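Note that the numbering runs from 1 along the sequence shown for the chain. A quick note: this is a predicted structure, and the numbers were derived from the prediction, not measured.
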Amino acid sequence: MSLPLKLQLAEGFREVAPRACGHLLLWEENGDFRCSETDFSRARTLGQLGGVDCPLAVDAARGIAWAYCCQYRLGVRDYSEIREFDLASGRSRRLARLGLHQWAIWLLTQWPAADSLLALVATDTRAAAVHIRHHLAIINQRDGTLHLVALPRDAFSPLTWCLRRKMVIFHGAEGTHLVSFTGRKLLTLPPGGPLGRGGDLHPEKPLALLGGDGIWLWNIEDNSIRRLRDRGQFPRWTPDGKGCWFSESSSDLFHLDCETGVEKRLLRIAGNNFTEINYARPIAADPEGRLLAFPLTRLLKTDPAVHERSTPQARIHRLCVVDLAAREAWMTGGYARHLAWV
């Protein structure tokens, strides 16, 4: 649905027409791998990824990206693989083939120190009943060989990872777990805390931000946790490690100073009376912390005065870019997942 969508911005910010800012933006949209400068005038489709929820991995210096690709249409040969994309030429090659009973989901990142990729691989073992096992996959970037590391039973949904410390934070039915790349469970937060909607490990300190039912600060040295805010999801540390960006819903963006507790709403969709969280996704920040990219969604409903039970009528999706240095924001149409900067 093509309807106007306006931003309500923090003081000093303004909404502008999309413009180039010297970086490429990558994202997944409706199963397609998309690439564009931030003016979106010549957006390209690099290939079909499929419908699995898996991030994009990027080597910005070499102009290479990796993505999990699978077939999801009837009547076409099935495949399940990690593909490598040359962003300049648009060409791609298969790096690693997975079994048709396997798929990469929720975690894919480059691990430069090991010349590898790191992924979460789910396997349908189909024993007596459908049973899904998760492994941490270490994929050699040169020849595509896979090394699978068994994970603890409740290491289900990865929230964040740290290549330097070689650890991943998972959320599961039995709590939130800190797990090493060798598959050993290091710490556990019991249920009753964060609800597993995003997280981020501090760039230097033994701290992790966790989202879901608020923004939480987890000290992974002494296993203590503190709730910084009652509402919030998908927190992302600022490069200086003093604050974070996060969202309350699918239609806003906030900044929180984690040291002083001072917060500021940077933007929200104007006139959005029906907020929800289902379409919110992690915020992508460039290494300098100047540029942010994330999806926004406005939910429209039928008029309760006309219809006794108001039901959703339409969802308007936008890809939003914020230049914090220029204090400007702009949008383009579409629902963008797995955003990454190059």
Side-chain angles (χ1 to χ4, degrees), residues 26-28 31-33 35 46-72 77-125 132-152 155-170 177-186 199 201 282 284 337-342:
L26 310 179
W27 71 96
E28 179 266 330
D32 291 334
F33 184 8
C35 173
L46 300 180
Q48 289 189 329
L49 305 183
V52 175
D53 190 356
C54 187
L56 304 170
V58 175
D59 184 336
R62 295 166 58 204
I64 293 174
W66 297 268
Y68 172 68
C69 304
C70 64
Q71 185 54 260
Y72 62 101
R77 181 184 63 85
D78 286 342
Y79 58 86
S80 179
E81 59 194 27
I82 304 293
R83 294 195 69 83
E84 180 179 287
F85 293 81
D86 184 296
L87 300 178
S89 68
R91 292 192 295 267
S92 70
R93 70 179 183 96
R94 183 176 64 215
L95 175 65
R97 188 199 300 267
L98 304 178
L100 297 182
H101 64 301
Q102 294 178 314
W103 57 96
I105 188 168
W106 299 329
L107 190 166
L108 179 64
T109 189
Q110 187 194 24
W111 186 7
D115 198 21
S116 300
L117 301 178
L118 201 67
L120 179 67
V121 170
T123 302
D124 182 355
T125 60
I132 306 298
R133 289 293 308 273
H134 282 180
H135 290 83
L136 198 62
I138 301 170
I139 306 167
N140 189 296
Q141 282 182 210
R142 295 186 302 274
D143 59 19
T145 54
L146 273 75
H147 173 65
L148 297 180
V149 178
L151 291 169
F156 182 70
S157 173
L159 304 180
T160 183
W161 46 88
C162 179
L163 300 175
R164 182 172 59 85
R165 297 188 183 100
K166 301 179 183 178
M167 55 179 61
V168 185
I169 295 179
F170 288 92
H177 314 287
L178 184 69
V179 179
S180 72
F181 283 5
T182 62
R184 185 166 66 94
K185 189 185 293 186
L186 304 174
L201 280 156
R337 304 192 305 172
H338 310 307
L339 287 146
W341 290 100
V342 180

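- Within 6.0 Å of NZ on Lys185 lie more than 12 heavy atoms contributed by other residues, nucleotides or ligands.
- Looking at heavy atoms from C-beta onward, Leu120 lies in side-chain contact with Phe170 at the 4.5 angstrom threshold.
- Across Ala60 and Val342, no two heavy atoms sit closer than the pair CA-CG1, 4.0 Å.
- In this structure, Leu146 and Ile82 have side chains that are not in contact, with every pair of non-hydrogen atoms separated by 4.5 Å or more.
- More than 12 heavy atoms of other residues, nucleotides or ligands lie within 6.0 Å of CZ in Arg165, so this atom counts as buried by the packing criterion.
- Nearest heavy-atom pair across Glu28 and His338 is OE1-CD2, 3.9 Å.
- Shown are Ile169, Leu201, Leu107; of these, the side chain to side chain contact (heavy atoms under 4.5 Å, CB included) with Trp161 is made only by Leu107.
- A parallel orientation is assigned to the rings of Phe156 and His134, their planes being inclined by less than 30° (bins at 30° and 60°).
- Leu118 has its side chain within reach of Phe181: a pair of non-hydrogen atoms, C-beta onward, lies under 4.5 Å apart.
- With hydrogens and angles disregarded, no donor-acceptor distance shorter than 3.5 Å links the side chain of Ser80 to the backbone of Leu98.
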Go through the steps for Ile139 and Ser116 under the test side chain to side chain contact (heavy atoms under 4.5 Å, CB included), then give the verdict. CA-CA 5 Å; Ile139 306 167; Ser116 300; 5.8 Å; no
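- In this structure, His101 contributes its side chain and Asp124 its backbone to no donor-acceptor pair below 3.5 Å.
- For the pair Leu148/Gln102, a side-chain contact is recorded, criterion being any heavy-atom separation below 4.5 Å from C-beta on.
- A heavy-atom distance below 4.5 Å is found between the side chains of Gln141 and Gln110.
- At a threshold of 4.5 Å between non-hydrogen side-chain atoms, the residues Val168 and Leu151 do not count as touching.
- Of the inter-residue distances, the one linking His147 atom NE2 with Asn140 atom CG reads 12.0 Å to the nearest 0.5 angstrom.
- When side chains are defined from C-beta on, Arg184 does not count as touching Val179, because their heavy atoms never get closer than 4.5 Å.
- Summarising the geometry, atom CG belonging to Leu49 is positioned 7.0 Å from atom CG belonging to Asp32; distances are rounded to the nearest 0.5 Å.
- Smallest separation of non-hydrogen atoms from Ala104 and Cys54: O-CB, 3.6 Å.
- To the nearest 0.5 Å, the span separating CZ on Phe85 from CG on Leu95 amounts to 11.0 Å.
- Between Tyr68 and Ile105, every side-chain heavy-atom pair lies at or beyond the 4.5 Å cut-off.
- Here the CD1 atom belonging to Ile64 is positioned 4.5 Å from the CD atom belonging to Glu84, to the nearest 0.5 angstrom.
- The heavy-atom pair separating Trp66 from Val58 by the smallest distance is CZ3-C, 4.0 Å.
- Listed for the Trp341 side chain is a donor-acceptor partner under 3.5 Å among the backbone atoms of Ala284.
- Of all the heavy atoms in Thr160 and Gly199, the pair that sits closest is CB-O, 3.3 Å.
- Annotation for Leu87 and Ala65: closest pair CD2-CB, 4.1 Å, computed over non-hydrogen atoms.
- How far NE2 of His177 is from OG of Ser157: 11.0 Å, rounded to the nearest 0.5 Å.
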